[in-house]
Amino acid sequence: MRSGRGDDTLNRNTLQRRPMTIEELSGLPPGAVSHFRDEGIEALYPPQAEAVEVGALEGENLVAAVPTASGKTMIAALSMLSAVARGGKALYIVPLRALASEKQAEFEAYEEFGVTTGVTTGNYESTSDWLATKDIVVATSEKVDSLVRNGASWLSELTCVVSDEVHLIDDRNRGPTLEVTLAKLRRLNPGMQVVALSATVGNAGEIADWLDASLVDTDWRPIDLRMGVHYGNALNFDDGSTREVPVEGTEKQEAALVRDILQEGGSSLVFVNSRRNAEAAARRLGGVSSHELAEDERTDLADLAAEIRDDSDTETSTDLADCVERGSAFHHAGLSATQRSLVEDAFRDRLLKVISATPTLAAGVNTPARRVVVRDWRRFDPSAGGMAPLDVLEIHQMMGRAGRPGLDPYGEAVLLAKSHDESQELFDRYVWADPEAVRSKLAAEPALRTHVLATIASGFARTREGLLEFLEATLYASQSSEAGRLERVTDDVLAYLERNDFIERAPSGGSDRSSEPPREREGAEGGDDATSAFTAAADLADDAGTDEELEATSLGHTVSRLYLDPMSAAEIVHGLEGADERPTALGLYQLISRTPDMYELYLRSGEDETFGELYYERERELLGDAPSEFEESRFEDWLAALKTGKLLEDWADETDEETITERYKIGPGDLRGKVDTAEWLLGAAESLAREIDSEWTVAVREARARVEHGVGEELLELVSVSGVGRKRARRLYEAGIEVPADLRTADKGVVLGVLKGEKTATNILENAGREDPSMDGVEPIDPGTGTVTDTSDTSGVEPESSGKPDESDESQSSLGDF
DNA sequence: GGAAACAGGGTTTAGACAGCATGTC
DNA sequence: CTAAACCCTGTTTCC
């Protein structure tokens, strides 16, 4: 830990001053100060005061590198509110969708004094025009990137942009997006204030230089954080103090630590390195927490467990619910979004006593605990050939979750050691260590592939020189020691894009290519303001007329707007163009599953054989050229994509959630994620098919509709009725109701017998447009037997009229039956 | 004879953004 | 190049 950095004079001065009260702040909208006072905020934390001193309220650029839960959001809020008070508009960029909702909930309160907030993520969108009227917009970095690509007009009205967790620029996959997006927003709005919020990192100064910003860099926290290592029966802290925490009998260290703090009324968070470990630890720790529960807590926990079981019918859910009943929970990306927030909320409400989590939790929404136990500090990393130690930054993020402001006297973060040597190593490696520096990953080819295309397509650069000049404004350029590397990779990428018909090069000098009219205006939703602003930005970049011109093709524009990795687009286009007959659903599912935009499903041992067989069985359905069986790794990728494709086909064949999660050994959250990505990619594939005039557009649309609703072809019409999902649609179909129109004429008794519940049935009939949807006095008819409880009208009901044999019992039993 | 305990080898391993147009059981 | 938990299987042990 970096205590007392001597070079930070500002910091030292501020800490010794009397606290700055919120009444001293000027430049905020009327009513803001009293709002904060009502919230119980009287004085600013020292880092916040420091931010104000360097001009946060006057539109000055600022990098705040401070620990989690030290009031970073307040720094952002003050900057944004003062920008709004000056008549401006602010954007708050977050790394996760869950954080977007968290921030919105926080900023919504500003409506009280007339400052409005809107959110936009891939999931949820307040319409674009509506966003233009909001004072503050919250969005994920990818969404902002997409808005830039699509030319949202209000972006050029921004006067303040906040980038939360800016250290994620270091992330190989998603960092470059944030980096490029910030550079574009700055070019678009030269006078705009930039506020970057970061965890404490090794090179905050470098980031500040890049953004022309003042730096607030401090370790200050509102509650003390003690870091320590537990070894044997003792817990040794960084301040030299020691606490006896005996490990009894066969119990694990973490169990002793959780029990110890629970007896003082404190909850804990245990970080482990795999999902399975998280689940196993949660089960074991349930034994600890269940001893310390009050009667009313048991009742509440039982309710929570019921909610969890209700959300999804899978083994993961059952296991989680069983743990929750005992006051313990696990948390990882295999959980559904609902389950995750149920667990997080219950933990914040102190109902759950302990969560065992993978690192997801450290990066996500705020879930502070009295004690944080970091059990595993190494994680499997194929690139390292085995277990690799976690970054200091990552461990510090986990440890930073310790201590709940206002509830705990202090927070404790504990690492576990099994030997004296390991204890020493942990102190050196993590407790006393500074976090790593943030390094830009922009020069990686996959990142450049997509951003170079987008930069050209949205008019930020029109020549190779202009492109390189734009890239000069990124963090990568300011960090790069290896001159020419970026240029070299850029040239490779340009060649790739040209080869795949995404861009065209032409000699400059205003040659009039009538075949391909300029497309800058494409997709500019907000009219001329946006277009002119974007064009101006491009003009700024292009000074030379000597260079050859770069222009996105029509296809290139589409790819950029669809937010696809060009390589994914190329794969899809190639696959569709090569199809001689109508592609099957499986063919399309495998196609999108092998694009880099689909997260890979891992091929387990023995599965290469299973899927090899499936491959030979259904080889003809697959699109494009299969790699030879002798190219081992490429063939394995092909089979892994087939596995993912098969999962999607199972889903679209109405296999139930439980069977799929068990068959592919995944959690409900993973299944939802796969389906979601497939839906997006097939939507994009449909646009591409239209763009290249493919004759298979309809096949793609149908395959997309089938994953979206998880139903067979014959149910697609039924699920378009609001309130009818995959299960209800199948039951209706089997009762002879095959299309929405049938709902308008069908016997009400049959409908009620199928749908169970008068309210649902009435509702659905109403949505189908039935004139008299009321179910008053209707007796349900059992769809299985066709027998009536009371009435005698059974005409027109054919229970087994399905075009698709009842699959439910078969799919239950046929494990591994691919 | 059969169930329970144990040993040894094999297997597995974190995370989740985006288009578009609206809503499961 | 570095680990550890869990599962499955086969064996031993104990009643």
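Letters go in sequence order (proteins before strands), and every chain restarts at 1.
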* Roughly, in whole Å, what's the span from CG in A:L147 to P in B:dA18? -> 10 Å
* Structure fact -> Among B:dA16, B:dT13, B:dG23, the one nearest any side-chain atom of A:Y602 is B:dT13
* Is the number of heavy atoms from other residues, nucleotides or ligands within 6.0 Å of CD (A:E315) greater than 12? -> no
* Is the NZ or CZ atom of A:R704 positioned over A:W680's six-membered ring, under 6.0 angstrom from the centre and within 45° of the axis? -> no
* Does A:K418 place a side-chain N or O at less than 4.0 Å from the phosphate oxygens OP1/OP2 of C:dA3? -> no
* Asked: Could you state the CZ-P distance from A:R97 to B:dG15, rounded to the nearest angstrom?
  -> 15 Å
* To do: May I have the distance from A:N273 (atom CG) to B:dT12 (atom P), rounded to whole angstrom?
  => 16 Å
* Closest to the A:N277 side chain: B:dC25, C:dC6, C:dA5? -> C:dA5
* Asked: Under a 3.5 Å cut-off for both distances, is B:dT24 Watson-Crick or wobble paired, and to whom?
  -> none
* Can a donor-acceptor pair under 3.5 Å be found between the side-chain atoms of A:R379 and the base atoms of B:dA14? -> yes
* Tell me what A:L96 touches on the nucleic acid: a base, only sugar-phosphate, or nothing, going by heavy atoms under 4.0 Å. => sugar-phosphate
* Structure fact -> Rounded to whole Å, the CD-P distance (A:E686 to B:dA21) equals 11 Å
* Between CG of A:L681 and CG of A:L588, what distance do you get to the nearest 0.5 Å? -> 12.0 Å
* Looking only at atom C1', what distance separates C:dT2 and B:dT13, rounded to whole Å? -> 15 Å
* Structure fact -> Assert: residue with more 5' nearest nucleotide on DNA chain B, out of A:N173 and A:G606, is A:G606
* Asked: Quick one: A:H557 NE2 to B:dG19 P, roughly how many Å, whole number?
  -> 17 Å
* Asked: From B:dA18, C:dA5, B:dA16, pick the nucleotide closest to the side chain of A:R275?
  -> B:dA16
* Protein-nucleotide distance (A:L99, atom CG; B:dA16, atom P), rounded to Å -> 10 Å
* Minimum-distance nucleotide (side-chain atoms of A:S274 versus B:dT13, B:dG19, B:dA16) -> B:dT13
* Gap between atoms NZ and P, on A:K252 and C:dA5 respectively (whole Å) -> 5 Å
* Which one is paired to C:dC15, where only Watson-Crick or G-U wobble pairs with both distances under 3.5 angstrom count? -> B:dG1
* Asked: Taking OP1 and OP2 of B:dC25, is either one under 4.0 Å from a side-chain nitrogen or oxygen of A:T760?
  -> no
* Asked: Just checking A:G725: base, sugar-phosphate only, or nothing, at a heavy-atom cut-off of under 4.0 Å?
  -> sugar-phosphate
* Taking the side chain of A:T121 as its heavy atoms from C-beta onward, which of B:dA18, B:dG19, B:dA16 lies nearest to it? -> B:dA18
* Taking the six-membered ring of A:F330, is the NZ or CZ of A:R275 close enough (under 6.0 Å from the centre) and on axis enough (within 45°)? -> no
* Pairing partner of B:dG8 (Watson-Crick or G-U wobble, both distances under 3.5 Å) -> C:dC8
* A:R276 side-chain N/O to C:dC7 phosphate OP1/OP2 under 4.0 Å -> no
* Is A:S163 close to A:L182 at the side-chain level, that is, under 4.5 Å between some pair of heavy atoms? -> yes
* Asked: Hey, does the side chain of A:R378 come within less than 4.0 Å of B:dA14's phosphate (OP1/OP2), counting only N and O?
  -> no
* Between B:dG15, B:dC17, B:dC25, which nucleotide has the shortest distance from any of its atoms to the side chain of A:T358? -> B:dG15
* Can you check the A:F330 CZ to B:dA14 P distance for me, whole Å? -> 13 Å
* **Nearest listed nucleotide, side chain of A:R704, among B:dT13, B:dG19, B:dC17** => B:dG19
* At under 4.0 Å between heavy atoms, what does A:R701 touch on the DNA or RNA strands: base, sugar-phosphate, or nothing? -> nothing
* To do: Verify salt bridge (Lys or Arg N to Asp or Glu O under 4.0 Å) between A:E254 and A:R375, making sure each step is shown before the conclusion.
  => CA-CA 7 Å; A:E254 64 266 25; A:R375 197 192 77 178; 3.3 Å; yes
* To do: For A:G673, report the nucleic acid contact type (base, sugar-phosphate, nothing); a contact means any heavy atom under 4.0 Å.
  => nothing
* So what does A:A363 hit on the nucleic acid, given a heavy-atom distance under 4.0 Å: a base, only sugar-phosphate, or nothing? -> nothing
* Which nucleotide sits closest to the side chain of A:S605: B:dT11, B:dC25, B:dG23? -> B:dT11
* **B:dA14 and C:dA5, which share atom name P, separated by this distance in whole Å** => 15 Å
* Within the structure shown, what part of the strands sits under 4.0 Å from A:G723 by heavy-atom distance: base, sugar-phosphate, or nothing? -> sugar-phosphate
* Asked: Between A:T360 and B:dG15, is there a side-chain N or O to OP1/OP2 distance below 4.0 Å?
  -> yes
* If B:dG19 has a Watson-Crick or G-U wobble mate with both distances under 3.5 Å, name it; if not, just say none. => none
* Structure fact -> Taking B:dT24, B:dG15, B:dA18 as options, the one with an atom nearest any side-chain atom of A:W680 is B:dA18
* B:dG19 OP1/OP2 closer than 4.0 Å to side-chain N/O of A:S687 -> no
* **Non-hydrogen side-chain atoms of A:D421 and A:E425 separated by less than 4.5 Å** => no
* Looking only at side-chain atoms of A:Y563, point me to the closest of B:dG19, C:dA3, B:dC17. => B:dG19
* Asked: So do A:N273 and A:T358 actually touch side chain to side chain, heavy atoms under 4.5 Å?
  -> no
* To do: For A:S146 and for A:Y599, locate the closest nucleotide of DNA chain B by heavy-atom distance; then report the residue assigned to the nucleotide nearer the 5' terminus.
  => A:Y599
